[in-house]
Each structure stands twice: as structure tokens, then as C-alpha cells.
Amino acid sequence: PSLCCDNFEIKNTTPINHCDYNENKNCIICVGDSKDIDIFDIRCKTKSLQLQENYDFGIAIKFNSYNDNYFANTNQDHSTKIWDIRNTSHSLYTNYGLIETSGDLVWLNDHMICYCENSLYLHIYDMLSHKEQTLMYVGSMSGIVYDEKKEMIYVGIDNKELSGLI
């Protein structure tokens, strides 16, 4: 498995499921079929750090576009973790889904994140108040998009009887 970018190839020992790029920090973060979060420095084209706080494979990972010091990842261990790139000795916050693997995620602003379990539950977490809102949906989640101008969260749902967005 490998990741190609900017005329170089990052080789990894396990498949990569999701990556995100942070231009200001000159790094790419990746999760995949391992418990690790890999951070690659694009200047020297090497893996600069490997975080090992998860208990199962990674699903999604994204930098916060409102504050590029933060990133979050979701995992098959039902967790969503929020990190500060300036101190990666441990995650800042860990939230667990109710019954299912945590799937896709999206940042809503500099302190709020939305993540879905692969079925049934969507969670919105506020890092400032440490409060979480949970909404239920019917089907299997296929992805989340946030429209900042309309302040709308769109969730792709796959359901044999009901298909669409909530």
C-alpha cells in the first residue's frame, strides 16, 4: 500500500483508509488497517510520528480547517478522538459511539465536530462545553458534508427502503 503526492510516494506496511493534508504544518495524517495514526512530514518525505492510542483500525481522519492545530480520527473501536498536533502524547478528547463503528466526520467550526456511527447515530460534540448531542437516523451512513454558508449537515444514508439525506 502506498500514497502518492507531490512527486513522491509514501509506502506504508498496511492499507491506508483515509488521509488529510495540512499545508501550514507540512504534513499528511493517515489511518488505515492498523491501530496507528501515521503522520508524514512532506518536507523530508518521511514518517515523522506514529500515534498508538487506538484499539482497532482507523476509518477517517481530518484536520480542523478552522484551527489547523486540531485533527480528529474515527475508528472501528467505536471511538472518535480529537488531537492537538502540537502535543500528540495523548488525545485531547475521546468520545465513543453507542453501538457501532465510528465512520465519517466533519468539523463544524474551531471547537465542534460531527461524526456518525456507521448506522443509527450521528453525534455533534462541542469541545468547549464538553457536551454532545446525539441524533438517530435509519440506514447505513456513507458520508458527511457540512455546508458552512447554510449551516447544514448532510449525511448520505443507504437504506433499502429509504434512500436520501437527513
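What's counted below: heavy atoms across the whole structure, side chains too, no hydrogens, waters or symmetry copies.
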Open item on the list: Within the supplied structure, the quantity of interest is the number of heavy atoms (other residues, nucleotides, ligands) at a distance under 6.0 Å from E23 CD; does it exceed 12?
Closed with: no
TODO: Give a yes or no answer on whether the side chain of D36 reaches the backbone of D38 with a donor-acceptor pair at less than 3.5 Å.
DONE: no
- [ ] Could you tell me whether the side chain of S102 and the main chain of E117 form a donor-acceptor pair under 3.5 Å?
- [x] no
Open item on the list: Classify the ring geometry of H130 against Y93: parallel below 30°, tilted from 30° to 60°, perpendicular beyond 60°.
Closed with: tilted
Open item on the list: If we ignore hydrogens and angles and just use 3.5 Å, is the side chain of T101 paired with the main-chain N or O of N118 as donor and acceptor?
Closed with: no
TODO: Please answer whether the main-chain N or O of D126 pairs with a side-chain N or O of H111 as donor and acceptor at a distance below 3.5 Å.
DONE: no
Open item on the list: Test your reading of the model: is there a side-chain donor-acceptor pair from N95 to the backbone of T80, 3.5 Å cut-off?
Closed with: no
- [ ] Begin from the C-alpha positions of D110 and N64 and carry the test side-chain hydrogen bond (donor to acceptor under 3.5 Å, both in side chains) through to its verdict.
- [x] CA-CA 7 Å; D110 65 342; N64 184 330; over 6 Å; no
Open item on the list: Does this structure show an ion pair linking D77 with K35, if we count only N-O contacts that are shorter than 4.0 Å?
Closed with: no
Open item on the list: Among residues at least two apart in sequence or on other chains, which ones pass ring-ring contact (aromatic ring centres under 6.0 Å, His included) with F57?
Closed with: none
Open item on the list: Do I28 and F63 have side chains that approach each other closer than 4.5 Å (heavy atoms only, starting at C-beta)?
Closed with: no
- [ ] May I ask you to decide if K62's main-chain N or O and W107's side chain share a donor-acceptor pair within less than 3.5 Å?
- [x] yes
Open item on the list: Quick test of your reading of the model: are K149 and D147 salt-bridged, counting only N-O distances below 4.0 Å?
Closed with: no
Task: Donor-acceptor contact below 3.5 Å, side chain S79 vs main chain T94 - done: no
Open item on the list: Donor-acceptor pair, distance only, cut-off 3.5 Å: does the side chain of H18 make one with the backbone of I59?
Closed with: no
TODO: Would you please indicate if the ring centroids of H123 and Y115 are separated by under 6.0 Å?
DONE: yes
Open item on the list: Go through it in stages, so that I can follow the logic: the residues are N75 and D56, the test is side-chain hydrogen bond (donor to acceptor under 3.5 Å, both in side chains), and I'd like the CA-CA distance, side-chain angles, deciding distance and then a yes or no.
Closed with: CA-CA 6 Å; N75 301 286; D56 208 338; over 6 Å; no
- [ ] Evaluate side-chain hydrogen bond (donor to acceptor under 3.5 Å, both in side chains) for K25 paired with N69, printing each intermediate quantity in order.
- [x] CA-CA 8 Å; K25 303 293 181 191; N69 290 317; 2.7 Å; yes
